[in-house]
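Remember, it's 1-based here, ligands and their atoms both numbered in the order they're listed.
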Amino acid sequence: MTKVDLIIHNAGQLVTCASDGKPKRGAAMQDVGTISNGAVAIKHGKFVGVGKSKQILAKFEAEQTIDAERRVVCPGFVDPHTHIVYAGDRLNEFELKIKGAEYLDILAGGGGIISTVVRTRKASIANLVKQARGRLEKMLACGTTACEIKTGYGLDTNTELKMLRVIGELENSHPMDIVPTFLAAHTVPPEFKGNTEGYVDLICEEMLPAAADWYSIFFLQKNMRRLFHDLQRADSSRIWGCAGILEGPSEPPVMDFFVDVFTEKNAFDRGQMGRILSRAKALGFKLKAHVDQFTNLGGSRLAIRSGAVSIDHLDAISRSEIKELAASETIGVVIPTENFNAGKTKFAPARKLVDAGCAIALSTDYNPGSAPCPSQPMAMAISCRYQKLLPSEAFNAVTINAAYAIGLGDTHGSIEVGKKADLLVADVSDYRQLAYEFGGNLITKVIKSGEAL
Ligand code: NIG
Ligand code: FE
């Protein structure tokens with residue numbers, strides 16, 4: 001018998017979302033890899049056994065055992081697109097929109113994102129951490145165990161760096177695994193009104209290098225914490241892995257840090273996006289882009305050709321761009337919560353994307369303006385109804401594909417031996433119920449890195 005820390009057994013459905021080392025695309029998105037009467041064995045925060053309860057209980061012996069009582073056990077959800085570091089709310093804008101105002105008109109009039117920028121600039125780091133931590137708690141309660149967080153409510157060097165410090169502090173102190181994204185190109189700040197090129201110069205020459213410097217400290221701190229954690233657990237295999245960083249890497253690390261651009265009217269055009277993405281790429285950032293949310297400016301094609309890990313929104317993507325996306329490694333992130341929040345009946349063509357062979361992920365886009373929603377099950381519920389995704393496709397879109405959309409596909413998003421033991425117990429006997437029911441919370445237990453929260 002192999003000794004492990006935790007066994008979870010008697011899962012009516014163990015939904016693994018296992019993939020063959022890459023995101024799922026096209027018809028493969030219908031396979032969620034269910035094991036009936038399944039179980040997992042966990043050691044040092046990772047899965048060491050996945051299979052039928054009988055096999056796992058015969059092979060492993062655990063300090064702690066959880067009986068899932070025939071319920072669904074599935075991977076923790078991954079939310080690949082959020083803007084949860086901000087101050088204040090946008091309740092006035094909510095009412096303006098109910099009365100007929102459009103999102104882009106509110107932005108053009110100096111409201112929207114800019115009104116959140118004004119408040120975020122004034123807020124202290126401690127206050128922003130406190131508010132964002134509350135949002136992370138809501139996401140965790142709804143089953144999200146890893147997420148991406150963007151800056152983009154600073155729009156000046158100091159405040160954008162302040163937002164990065166907030167994200168770093170959250171990653172240090174909260175169980176959620178967090179991937180940072182630098183979104184200084186969220187919109188043009190009032191100081192640069194009429195001078196978008198000047199702001200793009202500032203982003204390329206000052207902000208991106210400063211953000212890359214921030215990351216080198218963040219990366220070191222994160223690895224030092226991991227080292228101490230492994231020393232405490234005496235996990236020698238990982239300690240040797242970590243020790244490498246103490247000797248100093250011969251080359252700068254590949255950054256698990258993204259740069260994103262909002263390519264849209266009243267924000268950045270295709271040429272400006274191209275400048276920012278190519279500067280970011282040269283500095284070692286991975287790339288993402290907000291494209292085709294309202295207007296097709298040709299951003300999808302350029303972002304795919306620039307090697308973006310994901311392109312997000314895609315409401316106005318063209319047929320030829322869908323083809324190009326399907327033939328690429330880039331993940332399409334669709335955001336049905338944004339359309340729902342705007343009261344729209346038109347959504348990104350997720351069905352067409354999957355049928356064309358694209359790999360797609362779903363996100364909440366949790367933010368104060370276009371999508372105040374912490375729940376990936378809610379995103380699934382809307383997507384199944386309005387974008388005609390099957391529950392199986394939606395499930396892969398919030399787990400394995402979402403993990404790939406933020407560069408975590410090798411470690412997160414599925415229940416497979418060697419991956420991080422982030423999983424959920426849901427109070428349902430069929431996983432499809434997680435997309436079928438809406439408005440409540442069916443997640444009864446969240447296990448993060450092998451520990452029940
Ligand atoms: O993804 N489109 C731009 N950014 C966000 C909205 C942010 C906000 O309105 O504060 C989005 O919808
Ligand atoms: Fe967004």
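- Closest to atom 11 (C) of ligand 1 among all protein heavy atoms lies D365 OD2, 3.1 Å.
- With 2.8 Å as the limit, H290 counts as an N, O or S neighbour of the Fe ion (ligand 2).
- Using bins of under 30°, 30° to 60° and over 60° for the plane-to-plane angle, the ring pair F192/Y199 lands in the tilted bin.
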Take H186 and Y153, measure what ring pair (Phe, Tyr, Trp, His ring centres under 6.0 Å) needs, and give me the verdict at the end. CA-CA 8 Å; H186 198 185; Y153 294 122; 5.4 Å; yes
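- Ligand 1 lies out of reach of E264, whose nearest heavy atom is not under 4.0 Å from it.
- The atoms of ligand 1 that sit less than 4.0 Å from any heavy atom of H81 are 1 (O).
- With hydrogens and angles ignored, the 3.5 Å screen pairs no side-chain donor or acceptor of R71 with any backbone N or O of S429.
- For ligand 1, the atoms closer than 4.0 angstrom to any heavy atom of Q293 are 2 (N), 3 (C), 12 (O).
- Ligand 1 lies nowhere less than 4.0 angstrom from a heavy atom belonging to T116.
- At the top of the distance list for atom 10 (O) of ligand 1, counting protein heavy atoms only, stands Y153 OH, 2.6 Å.
- Closest protein heavy atom to atom 6 (C) of ligand 1: Y103 OH, 3.0 Å.
- Using a cut-off of 4.0 Å between Lys/Arg side-chain N and Asp/Glu carboxylate O, R432 and D430 are scored as salt-bridged.
- Seen from the ring of F340, R385 does not count as a face-on cation partner, given the 6.0 Å and 45° thresholds.
- Taking the six-membered ring for Trp and the full ring otherwise, the centers of Y103 and F294 sit less than 6.0 Å from each other.
- The protein atom (non-hydrogen) at minimum distance from atom 3 (C) of ligand 1 is H186 NE2, 3.4 Å.
- With ligand atoms numbered from 1 in the order given, ligand 1 contributes 1 (O), 4 (N), 5 (C), 11 (C) to contacts under 4.0 Å with heavy atoms of H83.
- Between E338 and K344 a salt bridge is recorded (basic side-chain N to carboxylate O distance below 4.0 Å).
- Remark: minimum distance from atom 12 (O) of ligand 1 to any protein heavy atom is reached at S370 OG, 2.5 Å.
- Under a 4.0 angstrom heavy-atom cut-off, Y86 registers as lying outside contact with ligand 1.
- Within D365, the N, O or S atom at minimum distance from the Fe ion (ligand 2) carries the name OD1.
- Checked against the Fe ion (ligand 2), the N, O or S atom of H81 at the shortest distance is NE2.
- Contact check on E169 versus R165 returns no salt bridge, with no Lys/Arg side-chain nitrogen under 4.0 Å from an Asp/Glu carboxylate oxygen.
- Per-residue contacts place R90 under 4.0 angstrom from the following atoms of ligand 1 (heavy atoms of the residue considered): 8 (C), 9 (O), 10 (O).
- No hydrogens or angles considered: a donor-acceptor pair under 3.5 Å links the side chains of R135 and Q131.
- Nearest N/O/S atom of H83 relative to the Fe ion (ligand 2): this is NE2.
- Taking the charged nitrogens against the carboxylate oxygens, E329 and K22 have no contact shorter than 4.0 Å, which rules out a salt bridge.
- For ligand 1, the polar-atom distance check finds an N/O of H313 within less than 3.5 Å of one of the ligand's N/O atoms.
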Please list every donor-acceptor pair under 3.5 Å in which a side-chain atom of residues 392-403 meets a protein atom from a residue at least two apart or in another chain.
from: E393; atom 1: OE1; to: R351; atom 2: NH1; distance (Å): 2.7
from: E393; atom 1: OE1; to: L390; atom 2: N; distance (Å): 2.8
from: E393; atom 1: OE2; to: R351; atom 2: NH1; distance (Å): 3.4
from: E393; atom 1: OE2; to: R351; atom 2: NH2; distance (Å): 2.9
from: N396; atom 1: ND2; to: M29; atom 2: O; distance (Å): 2.8
from: N396; atom 1: ND2; to: D31; atom 2: O; distance (Å): 3.0
from: T399; atom 1: OG1; to: F395; atom 2: O; distance (Å): 2.7
from: N401; atom 1: OD1; to: K24; atom 2: N; distance (Å): 2.7
from: N401; atom 1: ND2; to: K24; atom 2: O; distance (Å): 2.8
from: N401; atom 1: ND2; to: I360; atom 2: O; distance (Å): 3.0

